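Computed over heavy atoms, backbone and side chain alike; hydrogens, waters and symmetry mates excluded. Chain identifiers are assigned alphabetically (A, B, ...) following the order of the sequence lines, protein sequences preceding nucleic acid strands; residue numbering begins at 1 within each chain. Note that the structure is a prediction, hence the values are computed from the model and not measured.
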There are 2 protein chains.
Amino acid sequence: MPSSTVENYLKRIYLEEQAAPGAAVVSMKNLAGVMGVTPGTATSMAKSLADSRFVAYEPYGGVKLTARGRTLALRILRRHRLIECFLVDALGLDWSEVHEEAESLEHAISDKLLDRIDEFLGFPSVDPHGDPIPNAKGAIRQAALTPLTEAEEGAEVRVARILDQDEDFLRFVDRHHLRPGTRARVLVNDRAAEALTIQTGKLPAVTMGRTAAAKIMVEGPRP
Amino acid sequence: MPSSTVENYLKRIYLEEQAAPGAAVVSMKNLAGVMGVTPGTATSMAKSLADSRFVAYEPYGGVKLTARGRTLALRILRRHRLIECFLVDALGLDWSEVHEEAESLEHAISDKLLDRIDEFLGFPSVDPHGDPIPNAKGAIRQAALTPLTEAEEGAEVRVARILDQDEDFLRFVDRHHLRPGTRARVLVNDRAAEALTIQTGKLPAVTMGRTAAAKIMVEGPRP
DNA sequence: ATACTCTTTTTGACTAATCAAAAACCACCT
DNA sequence: AGGTGGTTTTTGATTAGTCAAAAAGAGTAT
Ligand SMILES: [Mn+2]
Ligand SMILES: [Mn+2]
Ligand SMILES: [Mn+2]
Ligand SMILES: [Mn+2]
């Protein structure tokens, strides 16, 4: 049984691979950065993950999940996201605080309990942040979404996913009613000024910077 | 923050102290036995717990919780038992399988989530096995119970607590409807034969041995 | 191709938790 | 007091995960 450290590394490697679909591998610098360890630690962990055949590791090359590694990564991701759902839907925790909690529970829960939770929730397909939940076989269905920064002025969009788990950012999103599921209209998208103004229902419009807008993924207007 | 290993040792030491209220200390042999480690490991852990002031340790003497250690032990016990309640009451898991699950979740849950669960459950005072749940301040209210082996023949008793978390034993208890809360009549209590026969409602009577009966704690007839 | 910089790997060290086996100790019995 | 059995401690080793700092390598610019 892999330790929770191993589980965390694999989940992280998976997310980094997704975040940069261009790059074929995850570098030691990148890995050390996101895991909050020194580069030397990342290297020795890469070797040990390679020994367990969770990743392919090429010295000076970087690390890349094997099928085996991806399977495990997706299992942890499934746990993480189902737990987030459960905490929000069943216990009424705030979506801005469930990420940390899920970060530790994901390693402690049995498969049996997880299945029970999945059933209890009615087999949800996305978590409270709009992140897709892998199914029990590890299949993940990713809807085609575009970052808010790409939206045309005047377009009506539906918020689908928030790419940042940071509590403050989530509370900002919440305050302006831009949670997944909400419909909103893009009033201004000024690429030169790197600013975007959006409005939900009858609420006052809100203006945000380009980097903030890039973390909000939307479905565009019906084609 | 203490590791889950430390939490497990302290919880265990607390339970051993309770189990033998006569003995002032827990011996290394005892501790090693219940923790499933070698005596040498128990000794070195005893030293390290003493360094953290969780226990008083006297070489060749044994180990005894300090106030600080007891506080932590009770916090873990509270977590364990509230989690068991939650799994049974909210998710419908069987009481015979929640112990193992709680054994790992007790180390992974935040205080905030625990409070939410406590509230959700309506602040229960006992877990599904009848074990008392320490309150948030660490106070534990132990009802005065007697083992079934002490019951008089013909007495009507109320099952209050099952002292063994073993799955098979719990299923046996369940099969004969002897869960905490059930009222039953002691038909035979033959101390020489070390056998006891008990009946619940209209169900067929069941006969069990002395050691099994000793693990079922009851409230006697109204005085 | 040479030098410089940034990344990666190596080395040596440390902590927590564990075991096996040897040594020390305690308690009790003659 | 001396011996014996059981318990406890010590010793030496192992594994996982980590850091700091030195060494090696790779890529880029001149
Ligand atoms: Mn985690
Ligand atoms: Mn999420
Ligand atoms: Mn535990
Ligand atoms: Mn219990």
Side-chain angles (χ1 to χ4, degrees), chain A residues 1-13 16-17 19-20 22-65 69 72-73 76 103-104 106-108, chain B residues 1-13 16-17 19-20 22-65 69 72-73 76 103-104 106-108:
Chain A
M1 197 98 315
S3 68
S4 47
T5 304
V6 166
E7 293 184 343
N8 282 332
Y9 274 92
L10 293 177
K11 189 181 63 170
R12 215 61 229 178
I13 292 168
E16 292 305 307
E17 286 184 352
V25 296
V26 178
S27 72
M28 293 305 110
K29 188 182 188 217
N30 185 184
L31 185 55
V34 294
M35 290 303 295
V37 298
T38 61
T41 300
T43 298
S44 78
M45 196 56 179
K47 284 177 183 169
S48 121
L49 292 176
D51 285 349
S52 313
R53 313 242 296 318
F54 287 129
V55 301
Y57 163 66
E58 212 54 66
Y60 295 100
V63 104
K64 184 176 193 285
L65 289 178
L72 185 46
I76 309 307
E103 206 55 58
S104 62
E106 66 191 1
H107 312 289
Chain B
M1 200 98 317
S3 68
S4 47
T5 305
V6 166
E7 291 184 344
N8 282 332
Y9 274 92
L10 293 177
K11 188 180 62 171
R12 216 61 229 176
I13 293 168
E16 292 305 308
E17 286 184 351
V25 296
V26 178
S27 72
M28 291 306 107
K29 185 177 192 225
N30 185 184
L31 185 54
V34 295
M35 291 302 297
V37 298
T38 61
T41 301
T43 298
S44 78
M45 196 55 178
K47 284 177 183 171
S48 120
L49 293 175
D51 285 349
S52 314
R53 337 216 95 260
F54 287 130
V55 302
Y57 164 67
E58 210 57 63
Y60 295 100
V63 105
K64 184 177 193 285
L65 289 177
L72 185 45
I76 309 306
E103 206 56 57
S104 61
E106 67 190 0
H107 312 289

**Fill in**
In whole angstroms, the gap separating C1' of C:dT15 from CE of B:M1 amounts to 18 Å
**Message:** Mind checking if B:G36 touches a base, just sugar-phosphate, or nothing, with heavy atoms under 4.0 Å?
**Reply:** sugar-phosphate
**Request:** Ignoring backbone atoms, test whether A:Y9 places a side-chain nitrogen or oxygen under 4.0 Å from the OP1 or OP2 oxygen of D:dT18.
**Result:** yes
**Prompt:** If you round to the nearest 0.5 Å, how far is CG of A:L31 from CZ of A:R12?
**Reply:** 10.0 Å
**Message:** Whether A:Y57 contacts C:dT8 is assessed here as follows: a side-chain N or O lying under 4.0 Å from the phosphate OP1 or OP2. Is that the case?
**Reply:** no
**Request:** Let me know the distance between CG of A:L10 and P of D:dG17, rounded to the nearest Å.
**Result:** 11 Å
**Message:** Is there a side-chain contact between A:T43 and the phosphate of C:dT9, meaning an N or O under 4.0 Å from OP1 or OP2?
**Reply:** yes
**Prompt:** For the pair made of CD in B:E58 and P in D:dT8, what is the distance, rounded to whole Å?
**Reply:** 14 Å
**Request:** Please state whether the phosphate of C:dA16, meaning OP1 or OP2, lies under 4.0 angstrom from any side-chain nitrogen or oxygen of B:S3.
**Result:** no
**Request:** Using a cut-off of strictly less than 4.0 Å, decide whether B:T41 has a side-chain nitrogen or oxygen near OP1 or OP2 of C:dC19.
**Result:** yes
**Item:** Gap between atoms OH and C1', on A:Y60 and C:dT10 respectively (whole Å)
**Value:** 8 Å
**Message:** So, does B:T5 get its side chain near the phosphate of C:dA17, meaning an N or O under 4.0 Å from OP1 or OP2?
**Reply:** yes
**Item:** A:K29 NZ to D:dG25 C1', straight-line distance once rounded to whole Å
**Value:** 16 Å
**Message:** Rounded to whole Å, please give me the gap between CG in B:N30 and P in D:dT7.
**Reply:** 11 Å
**Prompt:** Checking B:S48 side chain against B:S44 main chain: does a donor-acceptor pair fall under 3.5 Å?
**Reply:** no
**B:E17 side-chain N/O to B:L65 backbone N/O, donor-acceptor pair under 3.5 Å** = yes
**Request:** Verify, without hydrogens or angle tests, whether B:T43 (side chain) and B:P39 (backbone) share a donor-acceptor contact under 3.5 angstrom.
**Result:** yes
**Item:** Value in whole Å for how far the P atom of D:dT18 lies from NZ of A:K47
**Value:** 16 Å
**Request:** Counting heavy atoms from C-beta on, name the nucleotide in C:dA17, D:dC19, D:dT8 closest to the side chain of A:V37.
**Result:** D:dC19
**Asked** If only side-chain N and O atoms of A:S27 are considered, is one of them under 4.0 Å from the OP1 or OP2 phosphate oxygen of C:dT7?
**Response** no
**Request:** Would you confirm whether B:S3, through its side chain, and B:V6, through its main-chain N or O, come within 3.5 Å as a donor-acceptor pair?
**Result:** yes
**Request:** Please report, rounded to the nearest Å, how far the C1' atom of C:dT8 is from the CE atom of A:M45.
**Result:** 18 Å
**Prompt:** Under 4.0 Å between a side-chain N or O of B:T38 and OP1 or OP2 of C:dC19?
**Reply:** yes
